[in-house]
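A quick note: this is a predicted structure, and the numbers were derived from the prediction, not measured. Along the sequence shown, the residues carry numbers beginning at 1.
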Amino acid sequence: MPRYNDLFELSVEDMELIEEAMRHAISARSVALVDEGNEDREARENFVRKAHELLGRLHDQKIFYRPKSGVYVGG
């Protein structure tokens, strides 16, 4: 049985493209939730929820710059 590849080689640009595509998909599904009736509302809500969770996991894997010495002022 084949296994999943757990080693990905993605660039920062690749990650930005994936995140932008996810935001676009979330936006399209959210607009459909407002514009349309209740036919597939639950399925769309589940997709939007899962997509937001995926974006959160991608965000949590980022390494943000923080100077090694000196005082760090965030914001």
query = After noting the C-alpha distance and the side-chain angles of Glu20 and Arg23, does the key distance pass the side-chain contact (heavy atoms from CB on, under 4.5 Å) rule?
reply = CA-CA 5 Å; Glu20 185 63 30; Arg23 287 188 192 98; 4.1 Å; yes
key: Separation of Ile26 CD1 from Leu55 CG (nearest 0.5 Å)   = 4.5 Å
message = Can you give me the closest heavy-atom contact between Arg44 and Arg29, atom names plus distance?
response = CD-O, 4.0 Å
task = Following the transitive rule for hydrophobic clusters with a side-chain heavy-atom cut-off under 4.5 Å over Ile, Leu, Val, Met, Phe, Trp and Tyr, establish whether Val12 and Ile18 coincide in one cluster.
result = no
Residue pairs passing the side chain to side chain donor-acceptor pair (under 3.5 Å) test where at least one lies in residues 45-55, sequence neighbours excluded = Arg41-Glu45, Asn46-Arg49
request  = Could you tell me whether the side chain of Asp14 and the main chain of Ser11 form a donor-acceptor pair under 3.5 Å?
outcome  = yes
ask   = Taking C-beta and beyond as the side chain, do Leu54 and Arg57 meet within less than 4.5 Å on heavy atoms?
value = yes
request  = Output the distance between atom CG (Leu10) and atom CD (Glu16), rounded to the nearest 0.5 Å.
outcome  = 12.0 Å
request  = Rounded to the nearest 0.5 Å, what's the gap from CD on Glu19 to NE2 on His59? Could you check?
outcome  = 9.0 Å
message = So Leu17 and Glu13, do their side chains get closer than 4.5 Å, heavy atoms only?
response = no
